[in-house]
Number of protein chains: 4
Amino acid sequence: MDAALELFAERGFNATTVPTIALNAEVGAGTIYRYFEHKEALVNAVFQRCVESFSHHLQENYPSDSGIREQFRHLFFKVVGFARDHVYAFSFLESQSNAPYLDSKSIDIFQEMMDFFYQFLEEGKKVNVIRSVPTEALFAIVYGAYVEIAKLLRKKILSESDQLMNSLEACCWDAVRV
Amino acid sequence: MDAALELFAERGFNATTVPTIALNAEVGAGTIYRYFEHKEALVNAVFQRCVESFSHHLQENYPSDSGIREQFRHLFFKVVGFARDHVYAFSFLESQSNAPYLDSKSIDIFQEMMDFFYQFLEEGKKVNVIRSVPTEALFAIVYGAYVEIAKLLRKKILSESDQLMNSLEACCWDAVRV
Amino acid sequence: MDAALELFAERGFNATTVPTIALNAEVGAGTIYRYFEHKEALVNAVFQRCVESFSHHLQENYPSDSGIREQFRHLFFKVVGFARDHVYAFSFLESQSNAPYLDSKSIDIFQEMMDFFYQFLEEGKKVNVIRSVPTEALFAIVYGAYVEIAKLLRKKILSESDQLMNSLEACCWDAVRV
Amino acid sequence: MDAALELFAERGFNATTVPTIALNAEVGAGTIYRYFEHKEALVNAVFQRCVESFSHHLQENYPSDSGIREQFRHLFFKVVGFARDHVYAFSFLESQSNAPYLDSKSIDIFQEMMDFFYQFLEEGKKVNVIRSVPTEALFAIVYGAYVEIAKLLRKKILSESDQLMNSLEACCWDAVRV
DNA sequence: CATGAATGAGCATTCATTCAT
DNA sequence: TATGAATGAATGCTCATTCAT
């Protein structure tokens with residue numbers, strides 16, 4: 001699954017061949033089929049593992065008792081940290097989350113993860129700290145920003161200094177706060 | 001090229017076969033090879049045409065003499081308008097702009113288009129209207145936001161009312177303004 | 001189709017590979033798929049052509065106005081002649097007519113051909129020239145005999161002299177006549 | 001071997017996989033290779049066991065001292081009985097006796113069994129009870145008939161009543177008797 | 001002796017590309 | 001210039017066979 005993730009993240013699903021995955025995993029091509037019925041089953045398993053890993057990461061040490069501002073900051077740094085520490089997983093999730101080969105379980109689990117963000121944003125709107133704009137739109141703005149920032153960090157166009165990260169977090173917060 | 005754009009945008013490069021493009025274009029498969037050396041040459045030509053179209057669209061009626069705030073608003077609505085009116089072109093650009101089959105000319109021309117945004121952001125920083133944060137990062141934030149908003153509009157999860165668009169523009173502006 | 005028939009007749013469906021058919025037909029492997037959706041579609045097309053050819057052969061110069069005895073003789077020699085002149089077609093039909101890959105059209109067309117024999121046998125029973133035994137059983141006896149005789153002729157264990165053929169025809173007739 | 005016979009009879013040699021046989025036999029796939037060098041060695045062993053079983057069955061209670069007519073009747077009912085009681089064995093023998101994977105021992109042993117029939121027919125010809133037609137041809141006629149009758153019984157198109165069986169035996173006898 | 005995970009050659013099938021018409 | 005039939009390399013996948021346990 002690690003070998004597959006790496007290739008799927010770098011080239012996408014269609015451009016990744018099963019023999020290449022096998023080579024990268026240092027197993028025979030047939031071995032893959034002992035564990036996954038299809039190439040599609042494999043990509044779904046990889047996707048689900050990524051989503052779960054991301055989801056756990058986000059909720060780890062989540063400051064449930066702090067205010068919205070603090071929680072936003074937590075999520076921002078968790079996303080950035082995940083993108084930094086799990087480069088392939090993050091770039092795979094970001095690029096393939098609309099792919100036609102994802103099965104319903106993959107879609108559900110991904111939606112569930114996003115619901116965590118949605119709930120956060122809705123809570124913020126309720127207490128009048130976050131703007132009264134459709135939640136999907138708010139999420140789109142910050143998620144889009146995260147994704148592009150992560151790309152820049154990955155490509156080393158930006159380097160992850162504390163000061164920069166704090167500025168970027170502030171930018172994102174200013175986009176949604178009242 | 002229109003036939004190809006439609007298919008590339010909907011299915012991606014690898015999942016689009018040359019015979020399918022030919023069928024969609026109502027020409028013989030061989031005819032495509034009279035105009036493009038490869039499938040890759042075709043996709044690059046399509047990409048470049050999209051970038052140019054996007055670029056022209058952005059600069060059309062650009063309020064050079066207005067202030068940064070007004071220019072930002074212009075760009076925001078131009079991007080949203082382009083995404084609405086050129087659904088395939090925008091979704092193709094957004095999804096394929098990191099693809100491994102893009103040649104250097106495609107990458108250059110895309111970069112050139114982004115430079116227009118970069119210059120705008122740098123001008124804004126100079127006059128102290130836009131935050132003093134690396135330009136790439138500022139761009140990432142607003143571009144990421146645009147892309148995700150465009151996805152929501154395309155999928156009809158949001159509908160493009162004046163009020164909503166104004167709010168979203170404000171969100172994006174607040175992310176970068178001083 | 002000729003190339004495929006030859007191989008299917010000699011080795012059966014599963015033991016015949018598409019590349020081998022292509023080689024035998026002196027075409028590229030992909031070419032086969034321009035004309036037949038599947039290997040199964042090909043084998044069905046071949047089967048149906050064989051059935052039709054056999055069926056036409058049987059009915060050619062059929063002595064409709066003669067008596068049962070004469071008609072039996074006609075059928076016997078037509079079957080033997082077909083088996084001699086269309087070695088592959090006959091051996092393919094004989095060995096594959098119960099195969100699980102045959103589609104409903106193949107099964108129908110084969111049944112239709114057998115109905116010709118069945119009608120003949122039933123007419124014979126009606127006029128009390130052929131024994132009053134279930135038609136399927138009568139058919140089984142003579143068809144089984146034909147098939148095995150054809151095998152011997154094909155393998156050159158017997159040679160097709162007039163005298164021998166007349167004797168064999170008599171044997172078969174004696175098996176079913178009153 | 002029982003597990004293999006069942007599968008070979010139902011699906012043929014090529015369509016039966018070794019793991020499936022192992023599953024059906026409730027052993028590990030590797031275990032099969034402790035007893036048979038190849039899949040081919042297995043199918044030959046199965047074939048030979050079937051031939052021997054058939055052969056013993058035919059000769060059991062063989063009325064050596066009775067006349068040809070009585071012996072013919074014995075053989076007919078033994079064949080029918082074997083086909084009824086050893087469905088898989090008979091259908092395997094019938095369908096695979098020309099298969100290209102049979103080794104020389106299989107072919108010899110099968111020929112030996114047929115020689116029993118041949119001797120019987122030759123004896124009958126000597127005493128002028130059976131027609132003076134090449135033995136192979138006589139055998140082909142009755143063997144072909146048996147095979148097709150057995151198919152009908154197996155498929156329950158005919159049911160094995162005493163009266164019917166006696167009629168069919170008479171048909172077969174009339175095909176070869178003087 | 002029994003196992004079953006691992007293997008990789010070989011299969012059916014697809015599709016970018018060519019080239020005779 | 002346009003065509004589309006033909007191609008064969010490359011793909012996803014299967015399965016007979018091996019071998020460490």
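Computation of the quantities below employed the complete heavy-atom set of this structure, encompassing side-chain atoms and omitting hydrogens, waters and symmetry-equivalent molecules. Just so we're on the same page: letters track the sequence lines, and every chain starts at 1.
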C:Gln96 and C:Tyr101: side-chain hydrogen bond (donor to acceptor under 3.5 Å, both in side chains), yes or no, with the steps?
CA-CA 9 Å; C:Gln96 310 293 317; C:Tyr101 47 73; 2.2 Å; yes
Quick check: on DNA chain F, is the nucleotide nearest A:Pro19 upstream (toward 5') of the one nearest D:Asn14, or the reverse? Name the residue that is more 5'.
A:Pro19
Of C:Ala29 and D:Glu40, the one whose closest nucleotide on DNA chain F sits nearer the 5' end is C:Ala29
Counting any heavy atom closer than 4.0 Å, what does [X] reach on the DNA or RNA strands: base, sugar-phosphate only, or nothing?
X       : answer
B:Thr16 : sugar-phosphate
D:Phe36 : nothing
C:Thr17 : sugar-phosphate
D:Val18 : base

Are A:Phe90 and A:His86 close enough that their ring centres sit under 6.0 Å apart?
no
Integer-rounded Å distance: [N] [atom2] and [X] [atom1]:
X       : N      : atom1 : atom2 : result
C:Arg34 : F:dT3  : CZ    : C1'   : 12 Å
A:Ile32 : E:dA5  : CD1   : P     : 16 Å
C:Tyr35 : E:dT14 : OH    : P     : 16 Å
D:Leu23 : F:dT14 : CG    : P     : 16 Å

Closest to side chain of A:Lys39, choosing from E:dT13, F:dG12, E:dT17:
F:dG12
Choose from E:dA16, F:dA6, F:dG12 the nucleotide whose nearest atom is closest to any side-chain atom of C:Thr31.
F:dA6
What orientation do D:Phe47 and D:Phe92 show, parallel under 30°, tilted 30 to 60°, or perpendicular over 60°?
perpendicular
Base partner of E:dA20, which must satisfy Watson-Crick or wobble distances under 3.5 Å:
F:dT3
Distance col, row D:Asn98:CG vs C:Glu10:CD, nearest 0.5 angstrom, shows 12.5 Å
Kindly say if A:Tyr33 contacts the phosphate of F:dT14, meaning a side-chain N or O under 4.0 Å from OP1 or OP2.
no
